[in-house]
2 protein chains.
Amino acid sequence: MARLPVYLRALAALADEGTESVSSEELAAAAGVSSAKLRKDLSHLGSYGVRGVGYDVERLASEIATALGLTQDWPVAIVGMGNLGRALAAYRGFAERGFRVIALLDRDPRVVGERVSGSRVRPMADLAALVEGEGLAIGVIATPPESAQEACDALVAAGVRSVLNFAPVVLTVPDAVVVRKVDLSTELQILAFHGQRLAVAEAVAP
Amino acid sequence: MARLPVYLRALAALADEGTESVSSEELAAAAGVSSAKLRKDLSHLGSYGVRGVGYDVERLASEIATALGLTQDWPVAIVGMGNLGRALAAYRGFAERGFRVIALLDRDPRVVGERVSGSRVRPMADLAALVEGEGLAIGVIATPPESAQEACDALVAAGVRSVLNFAPVVLTVPDAVVVRKVDLSTELQILAFHGQRLAVAEAVAP
DNA sequence: ACGACTTTGTGAAGGGAGGCACAAAGTTGC
DNA sequence: GCAACTTTGTGCCTCCCTTCACAAAGTCGT
């Protein structure tokens, strides 16, 4: 189900162009998957297509948004105001997709109080109040690797159940908590692996 | 094989602590995988373990680094000097892992020439020379979604075969080119999906 | 109203990755 | 030197995901 967001984005693009109906073949091409896979994915949500015609763009987008829980705003907090944290705080893509950054936090008292992208950086101790009062549900970890587990523990202790981790470490969490990882250096190393395979292949059969 | 970088990082941490030998069980725990999976992964590289003892930390790290092609430096160029591009340019994690950012590029003539993190931003036209002269092999796309495909085409035309894409679009490339995607909003939407499932589950059986 | 055509939804087959469990191999103690 | 113990490497089984292929269902032209 990790592909639903991609479909949703493709549908949004189609809607912007004024398209009203789309076939599985076209949508699959726009999303970069096979049409069979797309139809099977969509069939798990229910039968929202019309045989002989295709899918109604607006209707399908709305169904996917509902399935993903994007009909409500999701409050997000960013922990760690280093380079990456500040870049994320300035990133506009969050709000556009229904994610509201309600707090920026840092463990370092010298950073707390500073203004970043128009918000005052808050101390970690505020977390519990944010979960209780603002319904904070998603935490983003942008700390250095050494403090990532500590930041994660604080989020979990405060009641956050969804964590997006940018630090290059494996986090340990209770079963009820979901962690997704975004790992720059891993991605680059995988590219290096492919780059090397290419180089080797060319050396063997130039 | 996307797990090798994680193993490598766990091994580096062990080496820092002065550990010389590690069992599959311990290393698997540190990397967040099962020991059987770890052993199977490592067996694909060759037999570098000693039965009854475990793996030599330094030896294994070196073997993995070789397999990943990390014995050489990989020149990287970042395309798109918006918020994200500047954050990536300032990020120190690249150099630490053998990736050298040799160029920052932008399509906009008003940005070209500006200094970002100590480097002068260069025009897209410089790409071919970078591939030829500096052995540029990996391109990072940090442009807005509208110009991502254009940036990607320019990289491919210049001879870059590995692309890391931060823009939330599906890129079309020739077969010989490998694209990896890092997609913030997709990750957040997946977390929202889990968050909603949790909320629904609690509403049904509180 | 009917037949030709298009496109969905799904059953069945195929493939790959993960986990289990055990034999092989090496170590340690006596 | 031998036996008990530890840990790797791997054959087998299972399960999930993907792909193929086609029947069902709906549209459109006449």
Side-chain angles (χ1 to χ4, degrees), chain A residues 1-8 10-11 14 19-64 67-68 170 175 178-181 186 190 193-194 197, chain B residues 1-8 10-11 14 19-64 67-68 170 175 178-181 186 190 193-194 197:
Chain A
M1 299 302 131
R3 286 184 297 267
L4 287 180
V6 181
Y7 301 159
L8 189 55
L11 285 167
L14 287 168
T19 315
E20 292 188 353
S21 180
V22 65
S23 74
S24 64
E25 206 79 42
E26 293 168 303
L27 184 54
V33 301
S34 77
S35 67
K37 201 190 295 189
L38 178 113
R39 285 201 303 275
K40 189 148 284 187
D41 286 344
L42 295 186
S43 74
H44 288 301
L45 301 180
S47 285
Y48 300 123
V50 179
R51 299 176 189 222
V53 176
Y55 299 88
D56 181 275
V57 171
E58 212 155 318
R59 171 86 192 286
L60 185 55
S62 143
E63 292 295 343
I64 293 181
L68 286 174
V170 177
D175 284 350
V178 177
V179 176
R180 306 269 320 171
K181 196 177 68 174
T186 294
I190 293 172
F193 173 69
H194 286 295
R197 282 180 68 90
Chain B
M1 301 302 129
R3 287 183 296 269
L4 288 179
V6 181
Y7 301 159
L8 189 55
L11 285 167
L14 287 168
T19 315
E20 292 188 352
S21 180
V22 66
S23 73
S24 64
E25 206 80 41
E26 293 168 304
L27 184 54
V33 300
S34 77
S35 66
K37 202 190 294 190
L38 178 110
R39 287 201 301 277
K40 192 154 285 187
D41 286 345
L42 295 185
S43 75
H44 287 303
L45 301 180
S47 286
Y48 300 122
V50 180
R51 298 175 191 225
V53 177
Y55 299 89
D56 181 275
V57 171
E58 212 154 319
R59 170 86 192 286
L60 185 55
S62 142
E63 293 294 344
I64 294 181
L68 286 174
V170 177
D175 284 350
V178 177
V179 177
R180 305 273 315 174
K181 196 177 68 173
T186 293
I190 293 171
F193 173 69
H194 287 295
R197 282 180 68 90

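Please read all numbers here as calculations on a predicted model, not as lab measurements. First the proteins, then the strands, lettered A, B, ... as listed; each starts at 1. Heavy-atom basis, side chains included; hydrogens, waters and symmetry copies ignored.
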Which pairs, with at least one residue in residues 29-43 of chain B and sequence neighbours excluded, count as a salt bridge (charged side-chain N to carboxylate O under 4.0 Å, His left out)?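 Qualifying pairs, neighbours excluded: B:Arg3-B:Asp41.
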My understanding is that only residues two or more places apart in sequence, or in another chain, count here; which of them pass side chain to side chain contact (heavy atoms under 4.5 Å, CB included) with A:Ala30?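 With sequence neighbours excluded, A:Ala30 shows a side chain to side chain contact (heavy atoms under 4.5 Å, CB included) to A:Ala10, given in chain and number order.
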With A:Ser23 via side chain to side chain contact (heavy atoms under 4.5 Å, CB included) - residues at least two apart: A:Glu25, A:Glu26
To the nearest Å, how far apart are [X] [atom1] and [N] [atom2]?
X       : N      : atom1 : atom2 : value
A:Leu4  : D:dC17 : CG    : P     : 13 Å
A:Tyr48 : D:dA25 : OH    : P     : 19 Å
B:His44 : D:dT8  : NE2   : P     : 16 Å
B:Leu42 : C:dG18 : CG    : C1'   : 15 Å

Heavy atoms, side chains only, cut-off 4.5 Å: are A:Phe193 and B:Leu4 in contact? no
Side chain of B:Arg51, base of D:dT8: donor and acceptor closer than 3.5 Å?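 Side chain to base: pair found, below 3.5 Å.
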side-chain hydrogen bond (donor to acceptor under 3.5 Å, both in side chains) with A:Arg59: which residues, sequence neighbours excluded? A:Glu63
Starting at CG of A:Leu60, measure out to CG of A:Leu42 and round the result to the nearest 0.5 Å.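 Going from CG on A:Leu60 over to CG on A:Leu42, the span is 5.5 Å.
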Spacing of OH belonging to B:Tyr55 relative to CG belonging to B:Leu14, to within rounding of 0.5 Å: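 Spacing of OH (B:Tyr55) from CG (B:Leu14) equals 13.5 Å.
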Any side-chain N or O of B:Ser24 below 4.0 angstrom from OP1/OP2 of D:dT7?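 No, no such contact exists.
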With a 4.0 Å limit, can you tell me whether A:Arg3 has a side-chain N or O closer than that to the phosphate oxygens OP1/OP2 of D:dC17? no
Heavy atom of residues 34-41 of chain A under 4.0 Å from DNA chain C: which residues? A:Arg39, A:Lys40
Could you identify which residues of residues 52-59 of chain B place a heavy atom less than 4.0 Å from some atom of DNA chain C, listed by residue number, or say none?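 Nucleic-acid contacts, sorted: B:Val53.
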A:Val53 versus A:Ser21, closest heavy-atom pair with distance: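 Nearest heavy atoms, A:Val53 then A:Ser21: CG1-OG, 3.7 Å.
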